[in-house]
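Order of the sequence lines fixes the chain letters, A, B, ..., with proteins taken first and strands second; residue numbering starts at 1 for each chain.
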Amino acid sequence: MNNIEIAWVFLEIADLLEIKGESPFKVRAYRQAAHVLAELDEEVAHYARMGRLTELPGIGAALAAKIEELLETGSLTYLEQLRREVPPGLRQMLALPGVGPHTVRTIFTYLGISSLEELEAAARAKKLRNLPGLGVKTELAIRHGIELLRSRPSGLPLGLAFPAAVEISEILSQLSQVQKVSLAGDVRRGEEIVGQIIIVAAVAPADQEVVLKTFQAAPYVRQTLRIEPGAITVLLGIGLEATLMTVPPPAFACRLCYHTGPPAHWNDLVEWARARGFELTPDGLRGRDRELQVFSEEELYHLLGLAFVAPELRAGRNEVELAARGALPELLRPEDMQGDLHLHSNWSDGTESIQGLARAAADRGYSYIAITDHSQALSIANGLTPERLVEQEKEIEEVRANYPQLFLFSGIEVDILADGRLDLPDDVLATRDIVVASVHSGFKQGRETMTHRILTALANPAVDILGHPSGRLLGRRDPYAVDLEQVLEAAQRYGKILEINASPERLDLSAEWARRAKEAGIKLAINSDAHDVRRLADMEWGVCVARRAGLTREDVVNAWPLERLRDYIRLRRERVYANS
DNA sequence: GCCGTTTTCGGCCCGACTGTTTTCAGTCG
């Protein structure tokens, strides 16, 4: 078992303990340990071998013993026992908005319900409203919540699926029997939610056996689900299916393109090829009189008279036509990013000092960052008061002196209050180099209220960037009810920047809305929203969203050099004051 | 569960909102 899988076990234990009604601190200890393991650079097995597990923060004797058992046996007696006491189906109920561990326990205790299906039936039969502590509203909320859950695409956020897919494919690539290997499907296209991992490998028929065996023994793999000719599907420990397609080496390029999809793009290619006298199938490309050798996907597009279409742009939209005209956008690349404009330090709920953030940013080759801690209303995050903001400014000054090559924006992530006012006075905000405004409360407001709230905030001259505009948490929380159409309109009118929050939990704006923002002439910022230095790397997920949205360097303000960005912010602010 | 220590157990981010009650418990961020 690797670190991530063990972290998943601890998260399950935490949920089950919570439903059981155990001490919240014990629950938190498991969650904390899961977090530590997931963020650990080295394999936890190393620490175990050296007997140094308890040196890890949040790992004591009890958790160390559980880690050792998992490493040695691949299973955990304690978890199995918990599962017998608390049916794992109850975990799904925790995902329902407004339903917490106590409500789940009540439902299970009184009605013996242990699955979403049973719960839905009970809600329809109006059996929930009479339980102690529940009422009609909760019953309706549960029905509504189940519908929402069903309407979500099933799968895992890209940030969880991608690292697993890469790790498995790298192991395959080391086999001498594997001539070529590539990710395909959702993961390769950078979809926000990955329904299934698909890996394509070029393998001679005689070598299939050993490749399949390696795949089945790869990290994350829990169990084999299906074996078909040329395809094997397994279930991963993170709850996702992964399929390995073994294809004859000469067919690799076409099969890779086919399995990368999506079907609409492939169909457009097939159509395009047919109209030009080719026959394109997953197994190869035929010219008028003969089979053509295709050595790579690039060559496939070239033979068809098309520019190479980056996987992120494949959607069956109009990309084939654009490729034919040589009119595809020159997509943003990770190395284009010059800085990060949304970071949290230990002044609020981040774990790293400003100095530490600066060092890590400099190491990444950034030329600027913005320190944007929370404002006072977010008390759980130790948000900053005007007084503490003044104190923080002094520390930022000191760090600036140590990093002359890195510009530090003194920023703030100010809360947008329930009525659209900001959580800090205008004169305080005016002292900051950059102001990100975000919603962190009152998620249940109606569409009109929420839209008005955000529009009010955008109209405030102090605001430079709207943070995570839709408020969604991938796979966990739907966007709040907001008319993004109107938000775009306002952003365009006031020259405001919209954020693509790159945290793999959010990816907000979505690619879809980022594309529309670009079309409306709005500039975007891709920000990691990191709370520790490791998460600076989340930038890559944001770049992925930007690529799917067809964004170029021009569209993204923190892909610009420092001077241009500062001018952009300064000019907008001056324009406002000139008009007022 | 872990941690730090006044070395053996008490403390562990907190406040707003909501729906259920009829004074508060549960959920959420």
Relative to each other, are the rings of A:Tyr30 and A:Phe10 parallel, tilted or perpendicular (30° and 60° limits)?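 Plane angle over 60°, so perpendicular.
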
Quick one, give me the B/S/- string for nucleotides 18-29 of chain B, reading 5' to 3', where B means a protein heavy atom under 4.0 Å from the base and S means that only happens at the primed atoms, P, OP1 or OP2. -SSS----SSSB

Where protein sits on nucleotides 5-10 of chain B, one letter per nucleotide: B base, S sugar-phosphate only, - none, heavy atoms under 4.0 Å: ------

Can you tell me, in whole Å, how much space there is between the [atom1] of [N] and that of [M]?
| N | M | atom1 | value |
| --- | --- | --- | --- |
| B:dG15 | B:dT20 | P | 26 Å |
| B:dC14 | B:dC9 | C1' | 24 Å |
| B:dC3 | B:dC13 | P | 13 Å |
| B:dA16 | B:dG10 | P | 30 Å |
| B:dG29 | B:dT21 | P | 23 Å |
| B:dT18 | B:dT8 | C1' | 41 Å |
| B:dC2 | B:dT7 | C1' | 16 Å |

Check the distance between [N]'s [atom2] and [X]'s [atom1] and give it to me in whole angstrom.
| X | N | atom1 | atom2 | answer |
| --- | --- | --- | --- | --- |
| A:Arg31 | B:dC2 | CZ | P | 16 Å |
| A:Leu53 | B:dG1 | CG | P | 16 Å |
| A:Asp415 | B:dA16 | CG | C1' | 12 Å |
| A:Gln376 | B:dA16 | CD | P | 12 Å |
| A:Met450 | B:dC17 | CE | C1' | 14 Å |
| A:Gln445 | B:dA16 | CD | P | 16 Å |

Could you list all the side-chain hydrogen bond (donor to acceptor under 3.5 Å, both in side chains) pairs where at least one residue sits in [range], not counting sequence neighbours?
| range | answer |
| --- | --- |
| residues 352-361 of chain A | A:Gln355-A:Asn402 |
| residues 141-151 of chain A | A:Glu120-A:Arg150 |
| residues 124-134 of chain A | A:Arg129-A:Glu139 |

If you look at every heavy atom in A:Asn2 and A:Pro219, which pair is closest and at what distance?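 Result for this residue pair: ND2-CB, 3.9 Å.
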
For DNA chain B, the residues among residues 142-153 of chain A that have a non-hydrogen atom under 4.0 Å from it: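 Residues of residues 142-153 of chain A under 4.0 Å from DNA chain B: none.
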
By a strict heavy-atom criterion of less than 4.0 Å, which residues belonging to residues 16-27 of chain A are in contact with DNA chain B?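 When residues 16-27 of chain A is checked for heavy atoms under 4.0 Å from DNA chain B, the hits, listed by number, are A:Phe25, A:Lys26.
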
Only pairs with both distances under 3.5 Å count, Watson-Crick or wobble alike; so what is the partner of B:dG1 in this structure?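 B:dC12 - that is the nucleotide pairing with B:dG1, both distances being under 3.5 Å.
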
Could A:Arg388 and A:Glu391 be called an ion pair, given the rule that one side-chain N must be under 4.0 Å from one carboxylate O?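 No.
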
Pair A:Asp419 + A:Arg421, salt bridge at N-O below 4.0 Å: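 Here A:Asp419 pairs with A:Arg421 in a salt bridge, since their nearest N and O are under 4.0 Å apart.
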
With a 3.5 Å cut-off and no angle check, do the side chains of A:Asn382 and A:His374 form a donor-acceptor pair?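 Side chains of A:Asn382 and A:His374: no pair found under 3.5 Å.
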
A:Ser375 side chain to A:Asp415 backbone, donor-acceptor under 3.5 Å: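 At least one qualifying donor-acceptor pair exists.
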
Determine the contact category for A:Ala61: base if any of its heavy atoms lies under 4.0 Å from a base atom, sugar-phosphate if only primed atoms, P, OP1 or OP2 are that close, otherwise nothing.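 Sugar-phosphate, backbone atoms only, no base.
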
Give one of base, sugar-phosphate or nothing for A:Phe10, where a contact means two heavy atoms less than 4.0 Å apart.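 Here A:Phe10 touches no strand at all.
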
Can you tell me which residue pairs pass the ring-ring contact (aromatic ring centres under 6.0 Å, His included) test with a partner in residues 68-124 of chain A, sequence neighbours excluded?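 For residues 68-124 of chain A, and leaving out neighbouring residues, there are no ring-ring contact (aromatic ring centres under 6.0 Å, His included) pairs at all.
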
Taking side chain as C-beta onward, heavy atoms only, is A:Tyr47 less than 4.5 Å from A:Leu40?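 Yes - at least one pair of side-chain heavy atoms lies under 4.5 Å apart.
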
Looking at residues at least two apart in the chain, or sitting in another chain, which of them share a ring pair (Phe, Tyr, Trp, His ring centres under 6.0 Å) with A:Phe162?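 Per chain and number, A:Phe162 pairs via ring pair (Phe, Tyr, Trp, His ring centres under 6.0 Å) with A:Trp541.
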
Among all residues two or more places apart in sequence or in another chain, which pass the ring pair (Phe, Tyr, Trp, His ring centres under 6.0 Å) test with A:His468?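 By the ring pair (Phe, Tyr, Trp, His ring centres under 6.0 Å) rule, A:His468 matches A:His440.
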
Tell me every residue that passes salt bridge (charged side-chain N to carboxylate O under 4.0 Å, His left out) with A:Arg152, counting only those two or more places apart in sequence or in another chain.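 Salt bridge (charged side-chain N to carboxylate O under 4.0 Å, His left out) check on A:Arg152 returns A:Asp478.
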
List the residues meeting side chain to side chain contact (heavy atoms under 4.5 Å, CB included) with A:Gln92, not counting sequence neighbours, and say none if there are none.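 Only A:Leu116 meet the side chain to side chain contact (heavy atoms under 4.5 Å, CB included) criterion with A:Gln92.
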
Using the glycosidic torsion, which applies to B:dT7: syn (within 90° of 0) or anti (everything else)?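 Judged by the O4'-C1' to base torsion, B:dT7 sits in syn, the angle falling within 90° of 0.
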
